[in-house]
Amino acid sequence: MSALNKLAVFASGTGSNFEAIEKAIREGQVNAEIALVVSDKPEAKVIDKAKSAGIPTFVFDPKGYSSKQVFEQEIVEALHKEKVDWIILAGYMRLVGDTLLTPYEGRIINIHPSLLPAFKGLDAVGQAFDAGVKVTGVTIHFVDKGMDTGRIIAQEAVYVKDGMSKPDLEYEIQKVEHLLYPNTIQQLINRGNQA
Ligand code: GAR
């Protein structure tokens, strides 16, 4: 592995977690470099954010490929070219297949806005809100073939206070995400450097 850990951040949407990680790196809280931002949504806001930060992007539209294997092979080539050490899924709303998993096993992590194994899948905050739970939160986990499965690395609870709206809860969850993700990435880097 290179001295400075190289990250690829995968995102399909707004990219607020990308921004939090990028800021933490700039401020010296995470000893890494974002070598590439990968997005499966050509119109995603995260792409402009990456460009403004001067970070290379790999943007693809899955509809233009015959299979997941074909586009994941292209991604792997882009990752190898940039010598990426870690894949950071940050709102990448797509299951990862074997083509990407095999070369990066144990080096792909995901953030999910619930206390897994509760509320897997889409709109986890809405699922928790509608279920009326009093505690939900954020999970960071290693990625495997399943949807929001894989060994849990870190979790933090968020309390659903009386009178909170769904947007209030989303705001509180994202606040936690933006601290927990950079901190967890740095912990993994520290562990990797010790190994
Ligand atoms: C985040 O809240 C993340 O936890 C969630 O998507 C959001 C992306 O926001 N991921 C999932 O639901 C994965 N199953 P962002 O684009 O502003 O970082």
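Heavy-atom basis, side chains included; hydrogens, waters and symmetry copies ignored. First listed ligand is number 1; within each ligand, the first listed atom is number 1.
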* To do: Indicate the atoms forming the closest heavy-atom contact of I55 with I34, along with that distance.
  =>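 Shortest heavy-atom separation between I55 and I34 comes out as CG2-O, 3.6 Å.
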
* Any luck finding a side-chain donor-acceptor pair between Q127 and S114 under 3.5 Å? ->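 The answer is no; no qualifying pair exists.
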
* Asked: Just by distance, with hydrogens left out, do N190 and Q186 show a side-chain donor and acceptor under 3.5 Å apart?
  ->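 Result is yes, a qualifying pair exists.
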
* Answer yes if V30 and F10 sit in the same cluster of Ile, Leu, Val, Met, Phe, Trp and Tyr residues linked by side chain heavy atoms under 4.5 Å apart, and no otherwise. =>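 In one cluster with V30: F10, no.
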
Quick one: look up the protein heavy atom nearest [atom] and list residue, atom name and how far away it is.
atom	result
atom 16 (O) of ligand 1	G15 N, 2.7 Å
atom 17 (O) of ligand 1	S16 OG, 2.6 Å
atom 14 (N) of ligand 1	H112 ND1, 3.0 Å
atom 11 (C) of ligand 1	P113 CD, 3.7 Å

At a 4.0 Å threshold, what atoms of ligand 1 neighbour a non-hydrogen atom of [X]?
X	answer
T14	16 (O), 17 (O)
G91	6 (O), 8 (C), 10 (N)
E177	1 (C), 2 (O), 3 (C), 4 (O)
Q174	1 (C), 2 (O), 9 (O), 17 (O)

* Asked: If you measure every N/O of N110 against every N/O of ligand 1, is any gap under 3.5 Å?
  ->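 For ligand 1, there is no N or O atom that lies under 3.5 Å from one belonging to N110.
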
* Say whether M93, considering both its backbone and side-chain N or O atoms, lies within less than 3.5 Å of an N or O atom on ligand 1. =>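 For ligand 1, there is no N or O atom that lies under 3.5 Å from one belonging to M93.
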
* Could you see which bit of D148 sits under 4.0 Å from ligand 1, with heavy atoms only: side chain, backbone, both or neither? =>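 D148 to ligand 1: side-chain contact only, backbone stays beyond 4.0 Å.
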
* To do: Could you establish whether A124 and ligand 1 come within less than 4.0 Å of each other, counting only heavy atoms on the residue side?
  =>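 The answer is no, since A124 has no heavy atom less than 4.0 Å from ligand 1.
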
* To do: Flag the pair D40 and K68 as a salt bridge only when some basic side-chain nitrogen lies within less than 4.0 angstrom of an acidic carboxylate oxygen.
  =>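 No salt bridge links D40 with K68.
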
